[in-house]
Amino acid sequence: MIISVSRRTDIPAFYSDWFMSRVEKGFCLVVNPYNRRQVSRVSLRAEDVDAFVFWSKNPRPMLSYLDRLMRSGYFFYFQFTLNDYPRQIEPYVPSLAERVETFKNLAHEIGAERVIWRYDPIVITRITDCRYHLERFRNMAKRLSGYTRRVMISLVDLYRKTDRRLSQLEKDGIWIDRHHRDRPETMALLTQCKSIAEGCGLEIFSCAEQMDLSPIGINPGACIDTVLMRKWGLSVGMKKDPGQRAACNCAVSRDIGMTDSCLHGCRYCYATRDHQLAQKKHAQHDVESLML
């Protein structure tokens with residue numbers, strides 16, 4: 001079984017102590033985000049876990065636990081989201097310099113191939129146009145060269161929560177391009193990103209992207225990637241996760257996170273309705289709880 005830690009919140013950044021407590025206990029409980037009355041038990045015993053896939057913008061709090069996980073027989077890798085947005089869009093993430101340092105430290109600990117860079121999502125606005133993204137992507141690709149082997153990209157999907165949160169920017173005069181996939185400038189940006197990535201020694205893949213980017217050499221990827229895991233010697237199933245979007249190529253996994261509990265406050269987030277709600281849940285969090 002592959003455990004996703006987590007698409008719904010940033011467990012490494014905010015709940016790493018809870019996660020390690022549950023690993024030591026051998027299981028956790030998970031609430032179905034679509035039916036709060038449905039609670040399931042998920043084994044976290046080493047013999048039941050094929051791999052942990054960590055998703056994070058700031059996994060620094062997890063660094064001190066990595067050796068313990070490896071000595072206990074767990075395999076894992078990280079999907080590390082590293083953008084360079086202004087505070088209007090990513091208000092509460094650590095500084096870029098701090099996050100790049102964490103990225104490099106993580107790569108030193110577990111190997112560059114197991115730290116996957118996510119430049120995701122790409123949000124086109126008045127203050128983050130295609131030129132902005134090109135400059136930031138080039139800068140970060142150079143800084144991360146040698147510390148990762150792969151980058152995942154995608155354009156923002158305007159889910160209801162996402163659109164509502166991004167719309168708040170328009171009150172401050174920051175328009176949102178809701179037709180970014182129709183712009184030739186967008187395809188030009190992604191074409192240049194591919195060239196930059198390859199020049200820095202990175203494979204580039206798209207993540208659940210609606211657009212067909214194969215004509216410019218960007219193929220669909222998977223974040224829960226069993227092809228990659230098999231290259232690492234893991235015996236894992238290849239079944240596509242039916243619970244994800246049609247364009248998502250991820251394999252089946254169990255997510256142990258909870259929505260509305262991430263404190264990064266990113267305007268494009270699809271898993272958090274309101275930052276104050278997330279703060280309230282975090283304040284009520286009990287590290288010894290059976291569920292997040």
- [ ] Go through the steps for R60 and E98 under the test salt bridge (Lys or Arg N to Asp or Glu O under 4.0 Å), then give the verdict.
- [x] CA-CA 9 Å; R60 176 168 288 194; E98 182 179 333; 3.8 Å; yes

Open item on the list: Using the ring pair (Phe, Tyr, Trp, His ring centres under 6.0 Å) definition, which of the options H264, H275, H282 pairs with Y92?
Closed with: H275

Open item on the list: Exactly one of F76, F14, F54, Y74 should register a ring pair (Phe, Tyr, Trp, His ring centres under 6.0 Å) with F19. Which one does?
Closed with: F54

Hydrophobic cluster (4.5 angstrom, side-chain heavy atoms) - remaining members for [X]:
X: M152; value: I2, V53, W55, F75, Y77, I116, F205, I224, L228, M229, W232, L234, V236
X: V227; value: M238
X: Y159; value: Y270
X: I176; value: Y85, I89, V123, I127, V156, L158, L166, L169, I174, Y268

Can you give me the closest heavy-atom contact between [X] and [Y], atom names plus distance?
X: T226; Y: A251; result: CG2-CB, 3.4 Å
X: I124; Y: C130; result: CD1-SG, 4.1 Å
X: I3; Y: S43; result: CD1-O, 4.2 Å
X: A271; Y: T259; result: O-CB, 3.4 Å
X: E109; Y: M70; result: O-CE, 4.3 Å

Quick one about [Y] and [X] (side-chain donor to acceptor, distance below 3.5 Å, no hydrogens or angles considered), yes or no?
X: S253; Y: S4; answer: no
X: T9; Y: S6; answer: no
X: N219; Y: S214; answer: no
X: D17; Y: Y65; answer: yes

With the side chain counted from C-beta on, respond yes when [X] and [Y] share a heavy-atom pair under 4.5 Å apart, and no when they do not.
X: P86; Y: T128; result: yes
X: R22; Y: L290; result: yes
X: P242; Y: V252; result: yes
X: E209; Y: R181; result: yes
X: H285; Y: K281; result: no
X: T148; Y: L202; result: yes
X: M187; Y: P215; result: no
X: V151; Y: L144; result: no

[X]: partners by salt bridge (charged side-chain N to carboxylate O under 4.0 Å, His left out), with sequence neighbours left out:
X: E170; answer: R178
X: K57; answer: E90
X: K194; answer: E198

If hydrophobic clusters are built from ILVMFWY residues whose side chains come within less than 4.5 Å, do [X] and [Y] share one?
X: L213; Y: L134; answer: yes
X: V39; Y: L292; answer: yes
X: L96; Y: V93; answer: no
X: M140; Y: Y132; answer: no
X: L155; Y: W175; answer: no

Filter on salt bridge (Lys or Arg N to Asp or Glu O under 4.0 Å), then keep only pairs touching [range], sequence neighbours left out; what's left?
range: residues 26-47; result: R45-E47, R45-D48
range: residues 138-151; result: R150-E203, R150-D225
range: residues 266-275; result: D260-R273
range: residues 115-128; result: R118-D120

Using modelled atom types and a 3.5 Å cut-off, is there a donor and acceptor pairing between side-chain atoms of [X] and backbone atoms of [Y]?
X: Y119; Y: C193; result: no
X: S154; Y: A208; result: no
X: R99; Y: N83; result: yes

TODO: Show your working on side chain to side chain contact (heavy atoms under 4.5 Å, CB included) between I122 and F137 and close with a plain yes or no.
DONE: CA-CA 10 Å; I122 298 172; F137 186 88; over 6 Å; no

Task: I110/V115 under side chain to side chain contact (heavy atoms under 4.5 Å, CB included): CA gap, chis, key distance, verdict - done: CA-CA 8 Å; I110 66 174; V115 187; 3.9 Å; yes

Open item on the list: Show every ring-ring contact (aromatic ring centres under 6.0 Å, His included) that has at least one partner inside residues 181-201, sequence neighbours left out.
Closed with: none

